[in-house]
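First the proteins, then the strands, lettered A, B, ... as listed; each starts at 1.
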Amino acid sequence: MKIQLKDGSVRKYENLVSIFEVAKELSEGLARVACAGEVDGNIVDLRYILSKDCTLSILTFEDENGKLAFRHTTSHILAQAVKRLYPNTKLAIGPAIKDGFYYDFDFENTFTMEDLEVVESEMKKIVKENFEIHRFTLNRADAIAFMQERGEKYKVELIEDLPEDEEISFYKQGEFVDLCAGPHLLSTKNVKAFKLTSVAGAYWRGSEKNKMLTRIYGTSFAKNSELEDYLTRIEEAKKRDHRKLGKELGLFTIMDEGPGFPFFLPKGMTLKNLLIDYWRKLHEREGYVEISTPIMLNRELWETSGHWDHYKDNMYTTKIDGEDFAIKPMNCPGGMLVYKSVPHSYKELPIRMGELGLVHRHEKSGALHGLMRVRCFTQDDAHIYMTKEQITDEIKGVVRLIDEVYSKFGFKYHVELSTKPENSIGSDEDWEIATAGLKRALDELQMNYVINEGDGAFYGPKIDFHLEDSIGRTWQCGTIQLDFQLPLRFEAEYIGADGEKHRPIMIHRVVFGSIERFIGILIEHYAGKFPVWLAPVQIKILPISEKFSAYSKDVLMKFKEKGIRCEMDERDEKIGYKIREAQLEKVPYMIILGEKEAQSGMFSVRSREQGDIGALSFESVIEHIESDK
RNA sequence: GCCGACGUGGCUCAAUGGCAGAGCAGCUCACUUGUAAUGAGCAGGUUAUCGGUUCAAAUCCGAUCGUCGGCUCCA
């Protein structure tokens with residue numbers, strides 16, 4: 001690695017540790033150095049902070065740590081501005097996050113969007129004041145005393161949770177000091193481009209039981225142009241929001257009369273049915289059978305399953321002839337009854353039993369979000385009953401299936417493995433077998449995954465598949481959950497080779513997750529331009545004028561006979577107008593029919609992506625459509 | 001549920017205490033159309049709901065419902 005310093009001299013170093021050496025050298029061992037330099041041919045703005053304990057931070061905005069530092073420093077400036085304007089405010093925490101930062105405050109009075117502008121101006125002042133940022137450390141007792149003296153009770157609580165023998169680090173800029181591990185920029189003036197974006201509530205330490213604090217979100221970049229780019233990108237992404245496109249394309253709607261209960265419109269229903277057709281074919285191939293269980297079952301069942309005790313707040317209940325009933329929030333108990341309705345032999349296992357089940361859950365009003373988070377949705381559920389020995393193979397089969405489906409749509413996804421939580425039930429041995437089984441399956445398939453320690457369901461560990469929406473929020477879609485509890489509660493059995501009764505292992509799994517959520521993600525993923533096989537309307541026929549209406553109808557029928565989803569726009573409008581509308585509807589193909597076409601028998605075809613693609617015969621249009629399966 | 005913002009014809013938005021408006025969509029008429037908007041006319045509103053302040057409320061205040069951005073929870 002070569003570094004060219006500002007004075008023009010060039011130094012060569014082996015690795016990043018060597019950069020630390022040059023910094024120390026230039027600063028005579030104990031100082032802060034900033035230099036613009038060249039690393040491997042790229043000019044970068046290198047900034048270092050060398051502290052007493054010789055920790056080194058490399059701060060270039062191109063680098064993830066550098067972004068964190070920019071944003072973290074901006075978050076300190078935010079806190080400094082808030083303390084200046086509202087001195088009695090208590091500070092909580094203020095980390096850098098993906099795309100920005102936030103800071104949580106305990107304000108004396110309510111803080112609103114209008115106050116945000118005032119704070120932003122104060123922040124600009126602080127940047128101008130050009131405070132150097134210094135790091136210092138205290139031992140634990142002194143650190144606690146220091147924050148107590150300042151009345152920062154949240155900070156005191158944070159320090160109390162830190163290891164006893166650790167030196168506690170602080171960062172100081174002007175009159176402002178904050179408990180912080182760093183790293184930070186050299187000076188407040190290095191913050192060039194920032195913007196406060198929103199005000200939100202957030203519970204102290206993320207717990208509903210604690211006080212709700214005021215969280216201020218913002219973002220910060222090295223250059224103004226980068227901030228502009230970022231804001232433009234967000235605006236662009238919002239254009240593909242599934243709620244907006246869902247309305248524009250006539251796919252679905254959610255009305256005030258049913259908060260969280262989506263209505264599917266004709267085109268959305270076509271899309272949904274196409275996904276279901278695809279799902280059925282795939283599952284038949286994979287050896288699944290399909291069942292359907294009632295939407296409402298009696299209290300006794302939900303008591304057996306444990307839902308009545310553990311999930312009642314999320315269930316809609318009613319009485320029938322004086323007896324309590326609940327609308328199903330999950331399909332498994334009903335499925336369990338189906339399994340139990342006849343005796344099973346080990347020879348039948350694994351049994352893969354699918355159900356496209358409509359479930360209802362009373363989600364908190366604030367959690368609702370378009371199709372992504374609703375109160376009734378269709379799970380593409382399946383339960384697999386099997387022996388312990390079959391765990392790994394079955395999991396592998398499901399993981400492969402999920403990967404096949406997501407790949408078909410071109411989704412990037414990430415996988416999380418969640419392990420035994422605090423409130424778990426069942427023996428440690430079972431948990432170990434189950435977790436190891438999930439792990440082995442993922443490892444054997446060479447999947448990348450992160451482990452979510454303690455985040456499993458209380459009845460078993462799980463693998464979750466997460467997909468991203470248009471502005472980078474991730475949504476859990478596919479999941480595979482191992483369950484020992486339900487077979488136990490329902491006393492599910494199979495007869496083994498030894499003639500004895502055994503308890504099967506059960507997995508719950510979904511591929512789409514919920515069809516509603518999956519459609520939401522699909523809309524955003526394709527920005528409404530569905531591939532031909534999924535497009536609610538594949539061809540739109542546009543007659544030049546009313547004279548060609550009859551001919552166009554014949555053509556329409558010919559395509560319909562081939563099973564192609566086809567519409568015709570026979571309104572008394574100019575062709576340019578009809579094309580514009582069809583384009584805005586994002587129909588993959590348009591066929592324009594007039595004198596020329598009626599004579600030649602060829603069709604003038606326009607594609608959504610390429611515009612006019614010339615004259616095609618009926619057969620070659622069909623080919624175009626089919627090649628996109 | 002909690003914190004903040006918002007709610008005006010089907011849609012997108014205007015009207016900052018003084019006559020509720022525009023564009024698109026819809027309907028009618030004329031034009032009979034050749035690759036992203038033909039023209040003219042008509043109709044469409046209890047300004048989310050309920051209550052209050054005021055000579056006067058879309059506008060100010062309160063409550064309720066809903067939506068949006070977060071938190072918690074979750075497919």
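In A:Asn448, the CG atom is not crowded: 12 or fewer heavy atoms of neighbouring residues, nucleotides or ligands sit closer than 6.0 Å. By the neighbour-count criterion of 12 heavy atoms within 6.0 Å, atom CD of A:Glu117 is sparsely surrounded, having that number or fewer from other residues, nucleotides or ligands. More than 12 heavy atoms of other residues, nucleotides or ligands lie within 6.0 Å of NZ in A:Lys586, so this atom counts as buried by the packing criterion.
Residue A:Ser514 places its side chain closer to B:A75 than to any other of B:A75, B:C2, B:G1. The nucleotide whose nearest atom lies closest to any side-chain atom of A:Ile544 is, among B:G34, B:A75, B:C2, B:G34. Checked against B:G66, B:G1, B:G34, the side chain of A:Ser604 finds its nearest nucleotide in B:G34.
The base of B:G4 has none of its N or O atoms less than 3.5 Å from a complementary donor or acceptor on the side chain of A:Glu114. Side-chain atoms of A:Arg373 and base atoms of B:C73 include a donor and an acceptor less than 3.5 Å apart. Looking at A:Arg215, its side chain has no donor and acceptor atom pair within 3.5 Å of the base of B:C71. Side-chain atoms of A:Tyr217 and base atoms of B:G4 include no donor and acceptor less than 3.5 Å apart.
A:Tyr102 places its OH atom 17 Å from the C1' atom of B:G4, with the value rounded to the nearest Å. Look at CG on A:Asp455: it is 9 Å from P on B:C73, rounded to the nearest Å. The interatomic distance linking A:Phe512 (CZ) with B:A75 (C1') rounds to 13 Å, in whole Å. Atom CZ in A:Arg473 sits roughly 8 Å away from atom C1' in B:G69 (whole-Å rounding). Distance CZ (A:Arg571) to P (B:A25): 9 Å, rounded to an integer number of Å. For the pair A:Leu213 CG and B:C3 C1', the interatomic distance rounds to 10 Å; values are reported in whole Å. Rounded to whole Å, the distance from CG on A:Leu116 to C1' on B:G70 is 13 Å. Atom CZ of A:Phe107 and atom C1' of B:G4 are 12 Å apart (whole Å).
Checked by atom type and distance alone, the side chain of A:Thr419 pairs as donor or acceptor with a backbone atom of A:Gly454 at under 3.5 Å. At least one donor-acceptor pair under 3.5 Å links the side chain of A:Arg240 to the backbone N or O of A:His525. Judged by distance alone, with hydrogens and angles left aside, the side-chain atoms of A:His76 form no donor-acceptor pair with the main-chain N or O of A:His72 at under 3.5 Å. Side-chain atoms of A:Tyr406 come within 3.5 Å of backbone N or O of A:Val511 as a donor-acceptor pair. Proximity of a side-chain donor or acceptor of A:Arg215 to a complementary backbone N or O of A:Ala200 within less than 3.5 Å is not detected. With hydrogens and angles disregarded, no donor-acceptor distance shorter than 3.5 Å links the side chain of A:Lys540 to the backbone of A:Ile591.
Less than 4.0 Å separates RNA chain B from at least one heavy atom of each of the following residues of residues 235-258 of chain A: A:Arg243, A:Lys247, A:Asp256. Non-hydrogen atoms lying under 4.0 Å from RNA chain B are contributed by A:Glu573, A:Lys574, A:Ile575, A:Gly576, A:Tyr577, A:Ile579, A:Arg580, all within residues 573-582 of chain A.
Just one residue in the list A:Arg400, A:Arg352, A:Arg509 forms a salt bridge (Lys or Arg N to Asp or Glu O under 4.0 Å) with A:Glu394, and that residue is A:Arg352. Here the rule is side chain to side chain donor-acceptor pair (under 3.5 Å) with A:Glu236, and of A:Lys239, A:Lys238, A:Arg233 only A:Lys239 fits it.
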Under 3.5 Å for both distances, Watson-Crick or G-U wobble, that's the pair rule; now give the dot-bracket for RNA chain B, with | marking pairs to another strand and [ ] for crossing ones. (((((((..((((....[..)))).(((((.......))))).....(((((..]....))))))))))))....
